[in-house]
Every structure is written in structure tokens, then in C-alpha cells.
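Step one of this worksheet: look at the structure below.
Scope of the values below: all heavy atoms of this structure, side chains included, with no hydrogens, waters or symmetry mates. Being a predicted model, the structure only gives us computed values, none of them experimental.
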Amino acid sequence: MQHTRLINNILGWIVFVIAAITYLVTMEPTVSWWDCGEFITSAFKLEVGHPPGAPTFMILGRIFTLLAPDPTKAAVMVNSLSALASAGTIMILYWTIVHLARKLFAAEQLSAGEQVAVWGSGLVGALAFTFTDSFWFSAVEGEVYALSSFFTAVVFWAILKWETVADEKHSNRWLILIAYLVGLSIGVHLLNLLAIPAIGLVYYFKKYEFSWKGVISALIVSMGILLGIQYGIIPGLPHIAFTIDRIFVNGFGLPFNSGIIFMFVLMAAAAVWGLRYTRNRKMVIWNTAITMVMVIIIGYSSFGLIVIRASANPPMNQNAPDNAFSLVRYLNREQYGDRPLFYGPYYNAPRIANGEPKDQYNKVDGKYKMTGSMPGSLVYDKKMETIFPRMYSSSDNHVRAYKDWARVKGTPVRVRERGEVKTLMKPTFAENLRFFFSYQLGHMYMRYFMWNFVGRQNDVQGHGEFSNGNWVSGIEAFDKVKVGPRAEMPDFMKNDASRNVYYFLPLLFGLIGLFYQYNRGKKGKETFAVTMMLFVLTGIAIVVYLNQNPYQPRERDYAYAGSFYAFAIWIGLAVPALYSVVSKVLKGTPGAVLVTALSLVLVPGILASQNWDDHDRSGKYMTRDYAKNYLESCAPNAILFTYGDNDTFPLWYVQEVEGVRPDIKIINISYLGMDWYIYQQQFTTNDSPPVPFTFTRDKYYMGRMDAILFQERFKESIELSDAMEFLGSDDVRTKVKVTSGDMIDYLPSKDFHITVDKQKALESGTVKPENADLIADRVEFSINKSMIGKNEMAVLNMIAANNWERPIYIDHSLLYTGNVHFLDWLQFEGLAYRFVPIKTQRQGIMSGRIDTDILYDNVMNKFVWGNVNDPNIHMDEYNRKQINIMQTRYMFARLAEALIQKGEKEKAVEVIDRLFELFPNEAIPYTYDSFPAIEQYYRAGAADKANEVVRVMAQNSLGILNYYASLPERLAAAIESDQNREMTNLRNLVVITRNYKQEELNKEIDDQLQALIVKLSS
């Protein structure tokens, strides 16, 4: 027995080492996209990230960053935390599978072959999960999901350890450990709570004889514990703390947070009394229960770090949860809105009222003062509501997708909306369920499941089309039915590293293990029920809870890693299942070794070989370098307005962690709709002075200026600073009464101007002296909306108050959001646009004038691009997408065009050469965004270079079109727009070669085009 246990422990550590080496070798050496920049920043400087916070992750991340030799290595240390936590998850998974496999054998002492099969089950299942697509993705970046998976694995393993010693003295220590880990895990991610029902079943099967009534009761109790933690302890304790703190502060005149301290002292005293009382009376169960609740709260107390750090007002301080009230809002994620789960409206339900308003409190003069109220949840016409609402969003693109996925016909319902009787088509409940099964369960879960255990078509985000984001198997007979034949696919599509195929093998192994476990008698059925509960609650239950609408901003497979973890258990259990068959021919250890070896090759082996190239991020510096380029686009002491997560979080990282351009104030417009964020801009951060703002805080508390109407009282434009003064006035004449009876703020015109102090514009460097004659007397702009939000108001106020003192920039994304209204007054300086008093009319997607000296210096000397052109580094779809979002190829082409206009053709050719050197066809295939660069080559006299690019671009389009021509007719309609785009590309190549008198190349492409048209017609 001792010998067996030693081997089992050694094998567990071996899989840990294999996983750790895999993840450490392939992890990203710096920051990654999405929330990673924010999480690394919060770990490095203990700054406050987005709700509901991750203080446990922050603390552990800070420990890892302390080991970094310099700040530039902080990101790789946080990534290492994810890598090692993921390796720990794999080790725990090995021991979990071995435990469950051992229970499937009735004999007290296993034969040598059976023991090897049990160890083999752990090796195969754990190593299979090591190399799965979704888990590997999270394991190599600084996000919370890797650590969250580790906590889930440990608590599930801990209940199995308890099961082994449940009849021994002090066995309940394992239950207390589980409770403490659950409390800690709240400070990482709430996904860990979903393991509780599976834990409850393990407890039930160990302590009680099976009955369906008992199983149902165990599930009800465990679900009650889960809901009690999620909806009781997590939001309830801060809410009670706020109530007590308000009494202490407002009633007794004590400092803020004194009530929180009193509450915790009171709770500690009550816990000590309860523990003593139950111990003295030998109430073991109650004593254990009280201890478990207390250790959950102790683990949960990591959120005290959030309050402490928020009170220090660090540069990143989201929601500023420095008191009990703001902590409640922070933990409830109120800034993200809500979604219906059990009962709610369909997408076209009329809104008939607002629910109870939510009082908003702020710290004012040493007291909690109610400073306003926010509208409550909307109330809808009951006729247009349903149980289990799945199609609820009223956004136009979401509605179109609902109708498409659910094939909505609806049933007519007569309703009254704004006094008018209308007939609306209410989706049927069957259509509601069809959307749930086809999109939410099928597209947003089963597709991800198949990615991990069957294969993945590519890494392009899919929205239901056959060409992107689907699962494939590698077996052509299956795949061509779903995604069409591949024979005519061009090489750059066919050889995409993100296409990974496993020939159904992991799925088949998992199904074999699943049925084997279920059919192994009473113990088998019990462990099957536990595993299935873990699988369902970390998969399908999350689908139900998230209630996702269509067109998510990114793929969401990482959310279901716990479900894939459970399936990996079944993959491992296929080994004893197969051994039971093979042992009839090849008995004992040789049979078990053969099954294990073949299984390792067929599942972990194929997963590793297929997934390695596109999961290896070891040479990627793109996210960090793009962020640096954003900041280096700005003049000293600039204010940079950004928009989305990927325009902001990496910038925060390079500034806060690596110390790049600390003089710049980075302001995310998405957050400017909240009072705490506007207030934070009025403080110095790093080397950046406060942003000027004319309103005192009481003017823009939540509940005031959330929406600002336009009442056109003036025909002419008004000075923007005067408009802001009007808006900030308390005079009742500056308010307008709306239908609800409320008086709200308004602006008396939609046309505004800013009188330009030309001397200040020159002195501040906003305009160069040689461009002085281009300065307008005043900047004029209009707002073509019926109202604006608080964030737009804040931007206008900051611009008016700035008065050309500091450079103001916007990023690319803000050109298309409708939140910035001075787009004709921009200067393009790289990845950012500078607000200048020189008018330049927008032309298509091009905005802003160009200062060639500034742009050339940025593009050719300052900007770095993170190994984009390294052929050994996989250029994943999101990095390709970011290059398009930033209009990178257009940036080089626009610079070259401006240089040609100045007569500097040689420099223009250098610029375009640099473009195609940095972004070659092999990394990012040439398409429509290469046209402007081709034209500048021709205009600069570099026809040979232009022709070379034209030929490559023509071959790309011809390859795609020949592939489209090979597709069956049932798929033709889906690619019609793509086909037309490629045909347009070819026609434009014919035109451009004709215009620049490249007769031979023109004829070559035209002939190919005509032949293709004939082929498509036939």
C-alpha cells in the first residue's frame, strides 16, 4: 500500500512537471489582450480592477511580481502564476481521476494490471486536459480563470480526500478546508461555487444509503448553500455593513468604516460564543457548520484589500469602493446592468414604467448623504413577458439574430404603448426555447465543447456562418457536410495553424469512460452522478445563468473550463474500460501498459501535436508594443481618450507597470458616465496633472446629468464654455420638465463653437508656427442627437475647460462610436488623433490632417510591432483584427501619400517598404486594405514593387474565389457577400493596373478574372 501511494504521488508530480513546462515554455512573455493588462496592473501595484474584484488573485499576483527582476518582467511573473496554477490543476486532476477509477474496482486489493490501469487513467485524463484548447489558452496569460480552475480542482479533490477518511476522527477538517478555499475563491472568481452541489452528493453518498428522496434533498441543501453564499454572504454582509456604518457615521459621528469594524468584532464574538456553546454540548454538526461559515467569511475578507486600496485612491480605482455603500455597488456589478433569468420581457416588449429608484449615497462632509437616485429596473407590459426569457435584448442587431436563430414567426398580441394600441408579434415559448437550444446551448456551449474534444475549424470568431469558428473533426466525410470541402481551399487558409483536428478521439474516449463509470455497479453510479453534476453545473448551468445575447465581443469558451475538466475525468476512465476488454486477450501488466501507452498517444498526444503551434505565445509582444505605440503617438502631457477594453487595459499596463509615458492622462470614455471616474480625473496620476473640469462633484452625482436633452432655443451656435456654464446652473430656467414630471438639465442648442486663442495654440505646440495661417478663428461642431449622456458631457466640459493648454487625443475606436463630436478638427499622428483648431473634412474612413514630420517620426522611429513578421510566431486572429481596427496599413499609406504630395517620393517608398516588411502576406494576407499602399508605390515610381504586391493580392483573391466556386450550392448564399468582395478586389486591381499603365499585368489579371466569371457562371 505504501509503495502504491508513493508511485501515485510521484506520477502526480510528473504530470505537474509536464504541464508546468508546457505552460511556462508557451506562455506570453508580457501582457495579453482583454482584461490581462488590468489584472497585471492590479497585482503589481495593488490597484482596484473592475467589479466584482479579485483580491485573492491580486495578493498572489503581487507575491509573484515581487520576484520580478525589474518592472518589465512583472507581466511574465503574473503569467507564471497562471501557468503554475494550471499545472497544479492538472496534478489535482490526476489524483482525482485515480481516486474515482479506484472506486470502480470492487476488490480491496487490486492486481498489478488493474493498478497500472488506474494510474494510466489518471495520466491519460490529466494530460488530455493539459493540452485542451480552452484550458491551455487561459493557462498562459495573466487572467483569473487559471487560478479559478485550480481552486475548483482543489475543493473537488478535497471532498474526495474527506470521503476516504470520513469515518475517522477529525475528518471534518477536510470540510472546513473546503469552506475556507471556497471563501478564498470568491476573491478569484465565482465559478468555483458551482462545485458545491457535486461536493454535496459526495457527502450524501458517503453518509447515507441511497434513495431518490435523499439525493433530491442533498441537491436542494447543496444548492441552498450555493445560493446562500452567492446571494446571502457575498452581497448581504456588505449591505449589513453599510447599514451599520451609516448609523455609526451619521448617528454617532464616528469615522467612515467604523461600523464595518464593529460588525466584524461582533461577528467574531458571536462565532466564539457559538463554537464554545456547541463544543460544550457536543453538537458536532452545528460546531462544524459554524466553523465552516466563519472560515468562508475569513476567506471572503480578502475583499478588505479592495476597500483599503480604494481608500488610497490609486491611478486605477474602478468604482472607488472605499466605503460600505460603494462596495455594495461594486460587488453587485451594478455598472454592468442586469439580465432576466427566470421571468422577464421579450425583445419587443413595451416599457411602461420604471421600478423603484435606487438611492445613491456619497461621502459628503463626513457623513453618508443621499446625493440622488438611479432609475430602478424597467417595468414591461405583462402580455409580452415570459418565464425563462432568452430573447430579451432590444438592440437591433440582437433582434435580427434572435429572429434568425429561433426562426421567429410569433403570435399577435394587442398592447398599449404610449397611449396607442398596437399589435406586436410575440415570440412563442417554443421559439424562445429554440433560441436557447440552438444559440445559447448549441453555439455558445456545445460548439466550444467540440472545439476541445473533436477539433476546431479556425480561430476566427464565428456567429453561425459555415466558414468561421466551427468545430471540425479532420474526417472529411463528416466535415464537408458542415463546413464544405477543403480540396480547393487556398494554402493560407488550408494551412492555418489554428485549425486543429482530433478525429473524434477525445470525445470517444470520454463517452467510453462515461458509460463505463455508470455501469460499474453502485459505486460507479454514485461517482457518475457526482461527475455528471460537476459537468452540468460548470457547463449547462452557466449557459442558463449567463443568458447571453448574440454577437458577443469575443468567444466565451474560457467560462466553461470546469465542464471540460469534468469531461477529462471520463476520458481518463476510458483506460480501465479499454483494459477490461484488452485483458481478455493480453492479461495483467502488459495489457494495462499497452492500453495506457496507446491512449496517451491517441488523446494527449494528438491534442498536444495539433494545439502546440497556435497556443505557443512565447514570442508574442504585440499587445504590449501596440499599447506603447498608442502612448508614443501623443505629445508630452497629453490627455488621451480611449473607448474599449483593448484600447485601455494594455495602455494602463505599460504606463502603470513598465512606466511608459507617465505624463499622459488615459481616460476611458466608457467609464465617464459614472461620477467616481469623472472625479478621479481631477487628481494627479503619476506625472500627469489633473484634467480641468468646471463642475463641482455635486453637479454630476449619479442620478444627475445622466442624460442631457437638447432644447433648441438658439438658431446660432453658442460658445462651448457658455453652454457648460448654462448646464451647471442651478437656475430653474436651465431645466426642462419631462413626462415623468422630473426637471432635468438641457442644452439650448445643438451647435457649438470654441473661440480659438491662436497664440496659446501656438505656444502650447498644438499647432506648429509654419501652420499658423491654417488656424481657424473658432472650432465649430454640431451634435446630431436628441440627447447626450454624462460621458459625452464630460468630454465636452474637459475640452472647454482645457482651452488648448494640454494636447488632447482620441483613439481610433472613438471615430465610430458617436461619442465624439469634433471629428472634423483632428490631426492624425499615428494610432491617435490630436484635437487641433484646423478643419479637415472627413473623407470616407479617413479622418484628420497629417503632419508628415510627426507621423514619419512615430511610424519609422518610435513604433514597435512585437514580432508581427516573425514566421515562427502564429499571428492569431485577434492580433490580425487589432491591426485592422487600428487601420495600420492605411496609416503607412496615408503617410506615404502626404510625403508624395510634398515631393518626397523616396521617403514615401521607404514607408511602404516598411509597411510590407512589418506586415507581410504570410502573416496578414493582402486584401482591400493594401490598395492605398499599392497606389502610393505607383505614384512614387516604384511600379515593380507595386506589381509584386498586386500579383500576391490577385492570387489571394483568385484562390479564395476558386475555393468558393467549389462549394456546394447550399452554402453559396452564405458566402455571396464575401465572394462579391473578392470579385471587387480583382476588378479594382484591373482598374489600378490600367490607370498606371501596367498593360501586361493588367491583361494577366483581367484574363484570370474573366475565366473566373465564366467558371462561377457555370
Under a 4.0 Å N-O cut-off, is there an ion pair linking R880 with D459? yes
Measuring centre to centre across the rings, with the benzene-like ring taken for any Trp, is W405 within less than 6.0 Å of H443? yes
So, does E555 use its side chain to make a donor-acceptor pair with the main chain of G462 at under 3.5 Å? yes
Which residue pairs satisfy the ring-ring contact (aromatic ring centres under 6.0 Å, His included) criterion with at least one member in residues 459-507, sequence neighbours excluded? H463-Y551, F478-F504
What I want to check is whether the side chains of S498 and E877 have a donor and an acceptor closer together than 3.5 Å. no
For Y878 and W34, take the angle between the two ring planes, folded into 0 to 90°, and tell me which bin it lands in: parallel under 30, tilted 30 to 60, perpendicular over 60. tilted
Have W33 and T623 got a donor and an acceptor in their side chains that come within less than 3.5 Å? yes
In terms of heavy-atom contacts, does NZ of K403 have more than 12 from other residues, nucleotides or ligands at under 6.0 Å? no
Given the options F564, W136, F137, F453, F131 meets ring-ring contact (aromatic ring centres under 6.0 Å, His included) only with W136
Examine the side chains of Q610 and D613 and answer whether a donor and an acceptor come within less than 3.5 Å of each other. no
Pi-cation contact, F388 with R390 (under 6.0 Å, within 45°): yes
W612 meets the side-chain hydrogen bond (donor to acceptor under 3.5 Å, both in side chains) criterion, sequence neighbours left out, with none
The side-chain hydrogen bond (donor to acceptor under 3.5 Å, both in side chains) partners of Q979 (sequence neighbours excluded) come to none
Could you check, using the six-membered ring where one of them is a Trp, whether F449 and Y560 have ring centers closer than 6.0 angstrom? no
With K522 as the cation and F210 as the aromatic partner, state whether NZ or CZ is under 6.0 Å from the six-membered ring centre and within 45° of the axis. no
Hey, what's the ring geometry for F535 with F567, parallel, tilted or perpendicular (30° and 60° as the breaks)? tilted
In plain terms, say whether R617 and E141 are close enough for a salt bridge, that is, a side-chain N and a carboxylate O under 4.0 Å apart. yes
